[in-house]
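Here the structure is laid out as structure tokens; the discussion comes afterwards.
Position 1 is the first residue of the sequence; numbering continues from there.
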Amino acid sequence: MESRIQAYLRFAASQQRDTEHIGPFLATFSPHTTNPYLNYAIPEDGATPSLADVNALIAAYSDRDRQPRLEYVTKLAPAVEEALISAGFTVEGRLPLMICTPGSEKLLPIPPEIELILPVSDDELLGTVAAQNEAYGEAAPSPEDVDSLRKTLAAGGIAVLARVAATGEPAGAGICTPPQNQTTEIAGIGVRPSFRRRGIAGALTARLLREAFDAGVTVAFLMTLHEQEFRVYTRAGFSAIVSEGCANDEILHISLPPQ
């Protein structure tokens, strides 16, 4: 399962980005933004990078005015973290990896006065990106952000917008990235601060799972940053991947701090 997810991460990270193979790394670069979550590298399974490999990776990101950064399943490349730490990288987080398969998803209630829709119109797409950006403390969306979402949907991705039924005001949103090998990532689930603690995040997750499984997906995965998120996704039907019965598998986020 971990190898399947890592292969999917390589596929997804390559969409709408420039890519370059640097030693045992697949480096991806967004041509439109310096957002570190859209510019990162993934090592090959079993990679044992040399100092020269790491320095070449650093140079490739620095030359593009991007922060050197990686996201990957730790278990599949255990030697990489030590090489990066030796070069000055610091760990941002170790995010538990969770999966859900058809039949495991749960029906969660939609909060009163809220409706969930699949955005289609320009206004709905803008509302989707705006809700996500506000939820994550980012700037108001640009035309490029909306165009990126449109391309994601055209490639088979799924977006769900939560909005006030009476007024159409966006409350939150989330996406399923374009599937590959019947696999997708549930990502970008965010709720605007004024709408939080109403169950919207759980309702968004449940709807995204239903849409993904109806489209033929057999494995949906995500990674969690906070314990509260972990509980929300557990209620929706996700469970942590456990290695050898003792520890949750994780996605390592690691980057080189600005000099």
Side-chain angles (χ1 to χ4, degrees), residues 12 15-16 30 32-33 35 37-38 98 100 102 105-180 183-217 220-226 228-229 231-238:
Q15 304 305 299
Q16 301 185 46
S30 168
H32 305 300
T33 177
N35 185 329
Y37 296 103
L38 297 175
M98 305 183 76
C100 186
E105 72 275 21
K106 309 296 183 183
L107 291 176
L108 296 180
I110 300 173
E113 302 179 356
I114 295 295
E115 63 179 359
L116 304 181
I117 68 164
L118 303 183
V120 175
S121 70
D122 288 346
D123 284 346
E124 291 166 353
L125 294 175
L126 178 61
T128 299
V129 180
Q132 290 176 307
N133 283 15
E134 183 178 338
Y136 287 97
E138 298 177 6
S142 66
E144 289 80 10
D145 293 331
V146 177
D147 185 57
S148 177
L149 176 57
R150 187 179 288 107
K151 289 178 179 177
T152 295
L153 299 182
I158 300 166
V160 175
L161 171 65
R163 66 183 186 182
V164 179
T167 65
E169 180 185 2
I175 66 168
C176 294
T177 52
Q180 171 79 354
T183 305
T184 189
E185 180 182 3
I186 305 291
I189 294 178
V191 178
R192 296 173 60 203
S194 59
F195 289 95
R196 289 174 183 167
R197 300 189 180 279
R198 302 188 193 181
I200 293 175
L204 283 167
T205 305
R207 176 65 181 274
L208 285 165
L209 284 172
R210 191 183 81 194
E211 296 288 342
F213 293 153
D214 285 349
V217 166
F221 73 93
L222 52 74
M223 52 200 84
T224 60
L225 184 59
H226 304 294
Q228 182 180 356
E229 294 175 352
R231 292 195 297 268
V232 169
Y233 298 137
T234 298
R235 288 197 296 271
F238 279 90

All N/O donor-acceptor pairs, side-chain side in residues 199-208, below 3.5 Å, sequence neighbours left out:
from: T205; atom 1: OG1; to: A201; atom 2: O; distance (Å): 2.8
from: R207; atom 1: NE; to: E211; atom 2: OE2; distance (Å): 2.8
from: R207; atom 1: NH1; to: L116; atom 2: O; distance (Å): 3.4
from: R207; atom 1: NH2; to: E211; atom 2: OE2; distance (Å): 3.2

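Counting only heavy atoms from C-beta outward, the side chains of P178 and T152 approach each other to under 4.5 Å. Inter-residue side-chain proximity for I189 and Q132 is flagged as unmet; no heavy-atom pair is nearer than 4.5 Å. Counting only heavy atoms from C-beta outward, the side chains of F213 and C100 approach each other to under 4.5 Å. The shortest distance between side-chain heavy atoms of E138 and N35 falls below 4.5 Å. Side-chain contact between Q16 and K151 is present, with heavy atoms from C-beta onward closer than 4.5 Å.
With sequence neighbours excluded, the residues satisfying side-chain contact (heavy atoms from CB on, under 4.5 Å) with P193 are E134, R196. Looking at residues two or more places apart in sequence or on another chain, you find a side-chain contact (heavy atoms from CB on, under 4.5 Å) between E169 and V164, T167, R192, F195. The side-chain contact (heavy atoms from CB on, under 4.5 Å) check on A187 picks up I175, E185, with sequence neighbours excluded. Applying the side-chain contact (heavy atoms from CB on, under 4.5 Å) test to E113 and every residue at least two apart in sequence or in another chain returns nothing.
Within the model, atoms CG of L126 and OG of S121 stand 9.5 Å from one another, a figure rounded to the nearest 0.5 Å.
Contact detail for A159 and L153: the closest heavy-atom pair is N-CD2, 3.6 Å. The two residues N133 and A139 have their closest heavy-atom pair at ND2-O, 2.9 Å. Residue V217 comes nearest to A220 through the heavy atom pair CG1-N, 4.2 Å, listed as atom of the first residue, atom of the second, then distance. Of all the heavy atoms in P141 and D145, the pair that sits closest is CA-OD2, 3.4 Å.
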> For L118 and V160, what are the C-alpha separation, side-chain angles and deciding distance, and is it a side-chain contact (heavy atoms from CB on, under 4.5 Å)?
Replying inline: CA-CA 5 Å; L118 303 183; V160 175; 3.7 Å; yes

>> For T224 and F238: C-alpha separation, side-chain torsions, deciding distance, then whether side-chain contact (heavy atoms from CB on, under 4.5 Å) applies.
In response: CA-CA 11 Å; T224 60; F238 279 90; over 6 Å; no

>> Would F221 and I186 count as a side-chain contact (heavy atoms from CB on, under 4.5 Å) here? Give the steps.
In response: CA-CA 6 Å; F221 73 93; I186 305 291; over 6 Å; no

>> Between Q228 and R197, is the side-chain contact (heavy atoms from CB on, under 4.5 Å) condition met? List the steps.
In response: CA-CA 11 Å; Q228 182 180 356; R197 300 189 180 279; 4.1 Å; yes

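Heavy atoms of other residues, nucleotides or ligands lying less than 6.0 angstrom from CD of E115 number more than 12.
Under a 3.5 Å cut-off, the side chain of T128 and the backbone N or O of L161 do not form any donor-acceptor pair.
Listed by first and then second residue, the salt bridge (Lys or Arg N to Asp or Glu O under 4.0 Å) pairs that reach into residues 116-126 are D122-R150, E124-R163, sequence neighbours excluded.
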